[in-house]
Structure formats: structure tokens, C-alpha cells
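Just below is one structure, and these are the notes that go with it.
Every chain is numbered from 1, with letters handed out A, B, ... down the list of sequences. Just so you know, these numbers come straight off a predicted model, no measurement behind them.
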Protein chains: 2
Amino acid sequence: EKTMIKGVAYDKDIARISIIAVRDIPGVAYKIFKLLADAGINVDIILQSIGRGDTKDISFTIARSQLMETVDLINKNLDYIGAKEVNFTHDVAKVSIVGAGMANHPGVAATMFGALADADINIHMISTSEIKISCLVRWDEAEKAVQAIHERFGLAEEELE
Amino acid sequence: EKTMIKGVAYDKDIARISIIAVRDIPGVAYKIFKLLADAGINVDIILQSIGRGDTKDISFTIARSQLMETVDLINKNLDYIGAKEVNFTHDVAKVSIVGAGMANHPGVAATMFGALADADINIHMISTSEIKISCLVRWDEAEKAVQAIHERFGLAEEELE
Ligand SMILES: C[C@@H](O)[C@H](N)C(=O)O
Ligand SMILES: C[C@@H](O)[C@H](N)C(=O)O
């Protein structure tokens with residue numbers, strides 16, 4: 001199955017929030033995202049990985065304009081959620097390769113990560129699907145990241161959206 | 001913008017691997033996924049979240065048939081990668097809502113997580129994009145998870161793929 005890379009996209013209008021050390025039991029993720037939904041906060045990516053011990057950290061991205069409102073909301077509800085603390089930054093941009101059939105081509109992720117590594121860009125977070133590989137990088141490195149990925153994949157600059 | 005939920009999917013043919021405590025510096029993600037790509041290991045989702053201190057954990061899913069081969073490969077290369085250890089399980093299934101325009105409807109994630117919580121299903125990992133919200137749950141809870149989500153969203157059972 002051929003991989004088709006359609007293009008590279010970036011979004012600098014984001015902020016990243018992480019809710020730290022929540023109990024890893026049913027209902028916690030629901031509480032957090034119900035709270036956000038009821039407050040009209042749009043969430044882009046949600047990332048929950050392995051955690052440590054019997055707790056998890058849940059990270060997500062939102063529009064930069066909603067960062068402080070969201071941090072306040074989470075902070076007011078730390079006990080309700082059962083979280084230790086909230087960690088956040090606006091020094092983040094999302095850079096993505098958009099394509100098709102990427103799950104069967106592990107080389108695509110490796111190539112994208114290699115392009116960023118060679119440009120000395122640190123990958124802060126990674127989230128993928130079959131059609132999109134997204135990395136969070138530092139906000140001011142977004143353009144450099146996109147250019148590095150374009151060059152590594154031999155994509156025309158016009159595909160930058 | 002209207003959210004369209006197209007259906008619920010599940011994949012029980014997966015295993016989850018986490019590479020623990022890698023240094024959070026450029027080049028580490030590249031090394032791992034280049035190693036996997038060169039060994040012909042197909043990766044489905046990749047998840048890298050906040051980590052602790054100056055290290056990160058990188059998690060990913062693969063076909064169950066490739067679990068032991070992949071764990072061996074990572075274990076042989078722990079020093080090369082700069083990782084503390086590898087953690088893995090085959091007691092995992094991916095359950096996903098597939099739709100469109102979900103980023104602007106935070107209620108969709110909350111509803112999915114609520115359905116799982118009410119069915120007493122623990123969410124092990126979460127990975128999302130605008131068109132897909134995926135949760136890793138225990139392997140033997142996949143069908144119960146899909147049914148719970150169908151019912152909560154009022155979807156017809158035939159949409160189960
Ligand atoms: C941590 C959180 O995802 C929890 N496991 C839940 O199911 O809600
Ligand atoms: C942890 C890993 O993602 C590292 N930050 C890298 O850029 O490769």
C-alpha cells in the first residue's frame with residue numbers, strides 16, 4: 001500500500017495543558033473533558049500515555065486565547081478531578097504531516113523525526129493516526145520544523161498551508 | 001460546524017510498548033522509529049506526552065504478532081536509544097470513534113469517556129485527531145466498550161466494523 005504524503009501543516013495558535021497525577025480509575029477522563037466541554041473549551045489533541053505507578057497525566061491542546069481560562073478552571077477543580085496539579089505552556093506549536101496509509105510505513109515517522117532532529121528541534125509531544133503524524137515543538141521553531149520536513153520529504157514549498 | 005459521528009471501530013490485534021525514561025533531546029524519537037522501520041515493524045499510534053523531569057516515555061502500538069520481536073529489538077538497543085527500560089502488554093485493544101469536526105465539539109470526547117466510565121471500563125491511553133478519538137482499554141473489554149459507546153451516542157449496532 002503506497003504512502004501518500006499530502007503535505008505539512010502547522011498551528012501556532014495553540015497552548016498545551018497537562019493535568020498531573022490523576023488516579024488511573026474509570027471516570028477521571030470523563031470528569032475532565034465534561035468540565036471543559038461545559039465551559040465551551042475546544043480541545044484539539046488529547047494525549048494520555050503510560051503514566052507512573054497508579055497515576056496518569058492527561059495532556060491536551062487548546063487555542064492560546066483560552067489558556068488562562070482553562071488553567072483557572074482546572075485549578076479550581078483539582079480536588080474534584082483528583083489531580084495533583086496542572087502544568088501548562090504557550091511555548092508550543094503543532095507541526096503535522098498529513099497523508100494516507102502511514103500506519104504501514106513506519107519509515108514516515110522516522111523520516112519526520114529525523115528531519116526535526118537534524119534541525120536540532122526537540123520534539124515535546126507526539127500524537128499520530130493513520131493519516132496524520134503531529135509533533136509539538138517550541139512555538140518559535142514551527143517554521144523551521146516545517147521547512148526541515150519539506151526538504152527531507154522532497155515536498156514542494158507550495159504545499160505549506 | 002456539525003459533528004458527524006460515522007461509527008465506532010475496534011482493533012484487538014494490537015500490543016502496546018512503552019520505552020521508559022529516554023532523554024528529552026533531539027534525535028531520540030528518530031533513533032527509536034528508524035530502528036523499528038528498518039526491522040519492518042509497523043507502528044499504529046505513537047504517543048509521547050509530558051514525561052517527568054528531563055526524561056520522556058514514548059509509547060506505541062503494533063500488531064500483536066510483532067510484540068516479542070519488537071521487545072527484543074528495543075531491549076538489545078536500550079543503551080543506543082538511551083532508555084531505562086521497556087514496558088509492554090498485549091492486554092490491550094484500541095476502541096475508536098470515527099467522525100468529522102470533532103475538535104470543535106469537546107462534548108464528543110466527554111461523551112465517549114463517560115460511556116466507558118459508566119461501563120466501569122478503565123481508559124489506559126488516549127490519542128485523538130480531528131477525525132478520530134481512540135482509547136486503549138483492556139483486551140477483553142473491547143466489545144463491551146464498543147457497545148457502551150454505541151448506546152451512549154444512539155448509534156445503530158450495524159455501524160460496528
Ligand atoms: C486516567 C484516566 O484516563 C482514567 N483511566 C479513566 O478511565 O478515566
Ligand atoms: C523524547 C524525544 O521525543 C526527544 N524529545 C526527541 O526530540 O527526539
Side-chain angles (χ1 to χ4, degrees), chain A residues 16 18 20 24-38 40-52 56-60 87 103-135, chain B residues 16 18 20 24-52 56-60 87 103-111 113-135:
Chain A
R16 186 272 300 160
S18 298
I20 306 296
D24 189 17
I25 57 171
V28 173
Y30 168 69
K31 276 182 176 171
I32 292 167
F33 291 96
K34 181 79 174 113
L35 198 64
L36 296 175
D38 289 348
I41 293 160
N42 289 334
V43 171
D44 182 17
I45 60 182
I46 300 171
L47 269 176
Q48 173 184 310
S49 190
I50 188 174
R52 300 276 167 100
K56 296 265 173 164
D57 305 329
I58 302 185
S59 298
F60 56 95
N87 170 305
N104 296 325
H105 293 266
V108 176
T111 302
M112 179 186 188
F113 302 157
L116 297 176
D118 290 344
D120 207 33
I121 294 168
N122 198 42
I123 301 168
H124 177 56
M125 291 191 181
I126 302 169
S127 179
T128 66
S129 70
E130 301 88 354
I131 63 164
K132 198 173 202 180
I133 302 173
S134 291
C135 291
Chain B
R16 187 272 301 158
S18 298
I20 307 295
D24 189 17
I25 55 170
V28 171
Y30 168 70
K31 276 183 175 170
I32 292 168
F33 292 96
K34 180 79 174 114
L35 196 67
L36 297 175
D38 289 349
I41 294 162
N42 287 337
V43 171
D44 182 18
I45 59 182
I46 301 172
L47 270 175
Q48 174 185 309
S49 190
I50 188 174
R52 300 278 166 100
K56 295 266 170 164
D57 305 328
I58 302 186
S59 298
F60 56 95
N87 170 304
N104 293 323
H105 292 267
V108 175
T111 303
F113 301 157
L116 296 177
D118 290 343
D120 208 31
I121 294 168
N122 198 43
I123 301 168
H124 178 56
M125 291 190 179
I126 303 169
S127 180
T128 67
S129 69
E130 301 89 351
I131 64 165
K132 197 175 203 180
I133 300 173
S134 291
C135 289

Measure distances from Leu116(A) to the heavy atoms of chain B and classify the residue's part below 4.5 Å as side chain, backbone, both or neither. neither

Using every non-hydrogen atom in the two residues, find where Phe33(B) and Phe113(A) come nearest and quote the distance to one decimal. CD1-CE1, 3.4 Å

Interatomic distance, OG@Ser49(B) vs CG@Leu47(A), rounded to 0.5 Å, equals 5.0 Å

Top contributor to chain A contacts, counting heavy-atom pairs under 4.5 Å, from Ala37(B), Pro26(B), Ser127(B), Gly27(B): Pro26(B)

Name the region of Ser18(A), side chain, backbone, both or neither, that has any atom closer than 4.5 Å to a heavy atom of chain B. side chain

Need one label for Ile131(B): side chain, backbone, both or neither, based on atoms under 4.5 Å from any heavy atom in chain A. side chain

Smallest separation among heavy atoms of Asp44(A) and Glu130(B), with atom names: OD1-OE2, 4.2 Å

To the nearest 0.5 Å, atom CD1 of Ile133(B) lies from atom OG of Ser129(A) at 12.5 Å

Quick check on Ile41(A) against chain B: is it the side chain, the backbone, both or neither that has a heavy atom closer than 4.5 Å? backbone

Note: vs chain A, highest number of non-hydrogen pairs under 4.5 angstrom among His124(B), Lys31(B), Lys56(B) is His124(B)

With chain A as the partner, which of Ala110(B), Ala115(B), Ala117(B) has the greatest number of non-hydrogen pairs under 4.5 Å? Ala110(B)

Checked Asp120(B), Asp118(B), Ile45(B), Ile46(B) vs chain A; the most non-hydrogen pairs under 4.5 Å come from Ile46(B)

Top residue by heavy-atom pair count (under 4.5 Å) with chain B, among Thr111(A), Asp24(A), Leu36(A)? Asp24(A)

Checking Arg16(A) against chain B: side chain, backbone, both or neither under 4.5 Å from a heavy atom? side chain

Among all residues two or more places apart in sequence or in another chain, which pass the side chain to side chain donor-acceptor pair (under 3.5 Å) test with Asp38(A)? Lys34(A)

Looking only at Ile58(A), Ile25(A), Ile32(A), the option with the highest number of non-hydrogen pairs under 4.5 Å against chain B is Ile25(A)

Going from CZ on Arg52(B) to CD1 on Ile20(A), what distance comes out if it is rounded to the nearest 0.5 angstrom? 6.5 Å

